> 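Just passing along the structure, written as structure tokens.
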Amino acid sequence: MDRLKKRADFLRAARGIRRVEGAITLETCATPPDETAPQKLRIGFTASKKIGNAVARNRAKRRLRAAAHELLPLLGRQGHDYVLVARGTTVARPFAALLSDITSALRSAHRKLDAKAGEG
RNA sequence: UCAGAUGGCCGGGUGACCGCGGGCUUUGCAAGAAGUUCGAGGAAAGUCCGGGCUCCACGGAAAAACGGUGCCGGUUAACGGCCGGCGGGGGCAACCCCAGGGAUAGCGCCACAGAAAUGACACCGCCUACCGGCCCGGUCUUCUCCGGAAGAUUGGCCGCGGCAAGGUUGAAAUGGUGCGGUAAGAGCGCACCGCGUUCCUGGCAACAGGAACGGCUAGGCAAGCCCCACCGGGAGCAAGACCAAAUAGGGACGGCACGUGAUGUUUUUCGCAUCGUCGUCCGGGUCGGUCGCGUGAGGUGUGGGGUAACUCACAUCCCAGAGGAAUGGUCACCACUUGCGCAAGCAAGUACAGAACCCGGCUUACAGGCCAUCUGACGCU
RNA sequence: UGGGGCGUCGCCAAGUGGUAAGGCACUGGAUUUUGAUUCCAGCAUUCGAAGGUUCGAUCCCUUCCGCCCCAG
């Protein structure tokens with residue numbers, strides 16, 4: 001599971017499928033196929049200045065990272081990029097609720113992806 | 001006990017499970033794996049000052065301009081920081097606050113009000129001692145045609161003149177109070193206070209105390225321009241150093257083509273130079289990588305010097321370091337706060353805030369707690 | 001990292017030591033049968049915040065808060 005680092009990767013994910021669920025926003029899209037490496041699951045985290053000061057932003061990213069570390073190996077798909085965006089309530093959200101938010105967002109996004117693949 | 005003042009310290013603890021980053025060791029061709037160890041702060045923040053370090057510029061440097069600092073002494077690598085002292089202000093006190101040089105170097109400003117806002121002159125006003133004029137009132141004397149006239153004296157008014165005491169203002173009015181003095185007044189004189197100059201004493205100095213003299217001529221603002229003294233070359237780790245791909249281009253040498261053409265040499269002719277391709281080597285340099293980068297004006301302890309800031313000696317310790325960026329997630333118990341409750345307990349919450357080249361300060365934010373010293377009031381002994 | 005600028009009524013803004021112009025908007029009134037236009041009147045109490053200098057501060061100084069811009 002690799003991390004997204006380049007600004008261009010984040011922008012491509014933002015143009016893909018977006019799901020808002022509870023305290024998080026999930027953005028996802030398929031990894032571009034011109035990558036030579038074998039198909040991997042990649043994930044990035046975003047916490048903007050709207051969340052608060054540096055301590056609040058760091059804490060939001062850490063909670064998202066811990067949640068993604070539990071869920072994405074089970075629910076994520078290889079060859080896709082995922083971006084988890086923290087919202088104002090991410091810091092105060094109970095951890096179990098955060099997990100269910102991400103789970104339902106992932107399932108909804110995957111249904112949309114399958115529908116797209118079926119059409120195309 | 002209550003109310004305060006100052007200085008310093010801490011700023012959640014323990015355990016379990018799952019994880020993250022750096023170093024080291026072992027293993028492995030490598031990717032990686034295992035073990036072990038370390039892993040945010042008092043402000044890491046704001047970026048307001050000062051340095052280290054690196055590069056650039058330069059004749060050691062100095063000056064102008066610009067910017068900054070501003071009582072005195074000390075401290076320091078340096079500072080606009082800190083410490084001690086002085087002066088001024090506040091508080092019953094402990095103690096706190098102060099950009100606190102120069103206003104006879106010059107320029108500027110001082111609205112409204114007020115006579116006047118800096119040449120103290122004009123104005124209102126006070127005075128009539130001196131000089132002059134007018135008026136008639138009173139008194140006296142003389143003359144008289146009994147209407148009055150002249151003179152003297154006293155009084156009033158005006159001018160010349162004297163004065164800066166007083167003049168509803170204002171933030172501020174050219175020393176203040178008292179006595180004397182005068183026609184009225186005035187530092188005109190005297191006493192005390194304030195101011196200035198000189199001298200003496202104490203102190204390294206700022207300054208303090210005292211004496212004599214000056215008579216007062218010096219209004220405020222320099223966080224207005226300015227003057228004086230002192231300080232500052234510029235940029236910043238994206239500094240800078242090294243390694244170095246593909247592609248394109250550059251240089252040197254050699255081989256092959258050497259002829260038509262093109263360009264340049266102001267124009268024509270002649271002449272000259274350049275423009276091709278292949279190979280080898282060299283240098284610059286982009287993406288990228290490595291270093292800079294954690295032994296330091298370092299921490300802790302003891303002892304010495306100093307009122308203190310600080311400093312010296314000895315011992316001891318190694319204590320984060322990055323790649324867009326690790327230092328976390330969850331649970332249990334304890335501690336604290338708030339709410340509900342008679343209670344047991346239940347629920348919610350736990351300050352401000354996240355290193356990025358480093359260090360010394362300053363400023364700002366901060367739930368709550370601890371320690372020490374001191375002051376005032378009350379009570380007890 | 002370094003540098004520069006701004007903050008004044010709900011909005012746009014002038015004023016830069018002496019009690020804050022103007023326009024739009026808003027409110028009330030007049031004109032009109034009604035509305036628009038026009039006219040009259042009103043509308044700043046923390047000039048982003050705190051402290052200081054000054055007799056007096058939106059203005060000068062210091063420190064904070066928020067926003068914008070420039071260079072790399």
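The sequence lines fix the lettering, A, B, ..., with proteins before strands; numbering per chain opens at 1. Quick caveat: nothing in here was measured; it's all calculated off a predicted structure.
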> Supply the atom-to-atom distance A:Arg18 CZ to A:Thr28 OG1, rounded to the nearest 0.5 angstrom.
12.5 Å
> Across all strands, who's sitting opposite B:rA222 as a Watson-Crick or G-U wobble pair, both distances under 3.5 Å?
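Result: none.
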> Rounded to whole angstrom units, what separation is found between the CZ atom of A:Phe45 and the P atom of B:rA326?
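Distance check: A:Phe45 CZ to B:rA326 P gives 11 Å.
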> Please classify the glycosidic conformation of B:rC9 as syn (within 90° of 0) or anti (everything else).
anti
> Measuring from atom CD1 of A:Ile43 to atom CZ of A:Arg65, what distance do you get when rounded to the nearest 0.5 angstrom?
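Going from the CD1 atom of A:Ile43 to the CZ atom of A:Arg65 covers 10.5 Å.
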> Of all heavy-atom pairs between A:Pro94 and A:Arg63, which one has the smallest distance, and what is that distance?
C-NH2, 4.1 Å
> For the P atoms, the ones on B:rG361 and on B:rA297, what distance do you get once it is rounded to whole angstrom?
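Between the two P atoms, the distance is 13 Å.
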> Whom does B:rC58 pair with, Watson-Crick or G-U wobble, provided both distances fall under 3.5 Å?
none
> What is the pairing partner of B:rG292, taking Watson-Crick or G-U wobble pairs with both distances under 3.5 Å in any strand?
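Paired with B:rG292, as far as the under-3.5 Å criterion goes, is no nucleotide at all.
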> Using a 90° cut-off around 0 for syn, call B:rG159 syn or anti.
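Anti, since the glycosidic angle lies more than 90° from 0.
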> Which value, in whole Å, describes the distance between the P atoms of nucleotides B:rC10 and B:rG67?
44 Å
> In whole Å, what is the span from the CZ atom of A:Arg57 to the P atom of B:rA45?
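Atom CZ in A:Arg57 sits about 13 Å away from atom P in B:rA45.
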> Round to a whole Å and report the spacing from CD1 of A:Ile43 to P of B:rG19.
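Rounding to the nearest Å, CD1 of A:Ile43 and P of B:rG19 are 17 Å apart.
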> Using a 3.5 Å distance criterion without hydrogens, assess whether the side chain of A:Ser108 forms a donor-acceptor pair with backbone atoms of A:Ser104.
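Judged by distance alone, no pair lies under 3.5 Å.
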> Please round to the nearest 0.5 Å and tell me the distance separating atom CZ of A:Arg19 and atom CG of A:Leu26.
9.0 Å
> Would you tabulate the pairs of protein nitrogen or oxygen atoms and nucleotide nitrogen or oxygen atoms of nucleotides 351-353 of chain B closer than 3.5 angstrom?
none

> If I compare all heavy atoms of A:Ala105 with all of A:Ile24, which pair ends up nearest, and what's the gap?
CB-CD1, 4.1 Å
> Residues in salt bridge (Lys or Arg N to Asp or Glu O under 4.0 Å) with A:Arg59, at least two apart?
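Partners of A:Arg59 by the salt bridge (Lys or Arg N to Asp or Glu O under 4.0 Å) criterion come out as none, since no residue qualifies.
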> Which nucleotide, in any strand shown, forms a Watson-Crick or G-U wobble pair with B:rA43, with both distances under 3.5 Å?
none
> What interatomic distance, in whole Å, is found between P of B:rA348 and the corresponding atom of B:rA372?
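The answer is 39 Å between these two P atoms.
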> Roughly how many Å apart are B:rC72 and B:rG234, using the C1' atom of each and rounding to a whole number?
36 Å
> Please round to the nearest 0.5 Å and tell me the distance separating atom OG1 of A:Thr46 and atom CD of A:Glu27.
7.0 Å
> Only pairs with both distances under 3.5 Å count, Watson-Crick or wobble alike; so what is the partner of B:rG84 in this structure?
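Check on B:rG84: paired to B:rC72, both distances under 3.5 Å.
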> Which glycosidic conformation, syn or anti, is assigned to B:rG42 if syn requires a torsion within 90° of zero?
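In terms of base orientation relative to the sugar, B:rG42 is syn.
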> Since syn is defined as within 90° of 0, does B:rG137 count as syn or as anti?
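The base of B:rG137 is oriented anti (glycosidic angle more than 90° from 0).
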> Using a cutoff of under 3.5 Å, can you pull out all pairs of nitrogen or oxygen atoms linking the protein to nucleotides 329-331 of chain B, with atom names and distances?
unit_1  : atom_1 : unit_2  : atom_2 : d
B:rG329 : OP1    : A:Arg59 : NH1    : 2.7
B:rG329 : OP1    : A:Arg59 : NH2    : 3.3
B:rU330 : OP1    : A:Arg63 : NE     : 3.4
B:rU330 : OP1    : A:Arg63 : NH2    : 2.6

> Any strand is fair game: report the nucleotide pairing with B:rA111 by Watson-Crick or G-U wobble, both distances under 3.5 Å, or none.
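Answer to the pairing question: none, since B:rA111 forms no Watson-Crick or G-U pair.
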> Please walk me through it: do A:His80 and A:Leu113 pass side-chain contact (heavy atoms from CB on, under 4.5 Å)?
CA-CA 11 Å; A:His80 285 77; A:Leu113 274 176; 3.8 Å; yes
> Using the C1' atom as the reference point in each nucleotide, state the distance between C:rG17 and C:rG23 in Å, no decimals.
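Comparing C1' positions in C:rG17 and C:rG23 gives a spacing of 27 Å.
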> Could you check A:Arg77 against A:Tyr82 for side-chain contact (heavy atoms from CB on, under 4.5 Å), going step by step and ending with a plain yes or no?
CA-CA 10 Å; A:Arg77 296 188 174 181; A:Tyr82 297 93; 3.7 Å; yes
> Taking atom P in both B:rU311 and B:rC83, compute the distance separating them and give it to the nearest angstrom.
15 Å
> Can you tell me how far P in B:rA129 sits from the matching atom in B:rC158, rounded to whole Å?
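It works out to 14 Å between them.
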> In whole angstrom, what separates A:Lys61's NZ from B:rG354's P?
13 Å
> Counting only Watson-Crick or G-U wobble pairs whose two distances fall under 3.5 Å, which nucleotide matches B:rA335?
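B:rA335 is paired, partner B:rU350.
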> In terms of hydrophobic clusters joined by side-chain contacts under 4.5 Å, are A:Phe45 and A:Phe95 together?
yes
> I'd like the C1' distance from B:rC362 over to B:rC242, given in whole Å.
40 Å
> Does B:rA57 fall in syn (glycosidic angle within 90° of 0) or anti?
anti
> Return the nucleotide paired to B:rG285: Watson-Crick means purine N1 to pyrimidine N3 with N6-O4 or O6-N4, wobble means G-U with N1-O2 and O6-N3, both under 3.5 Å.
none
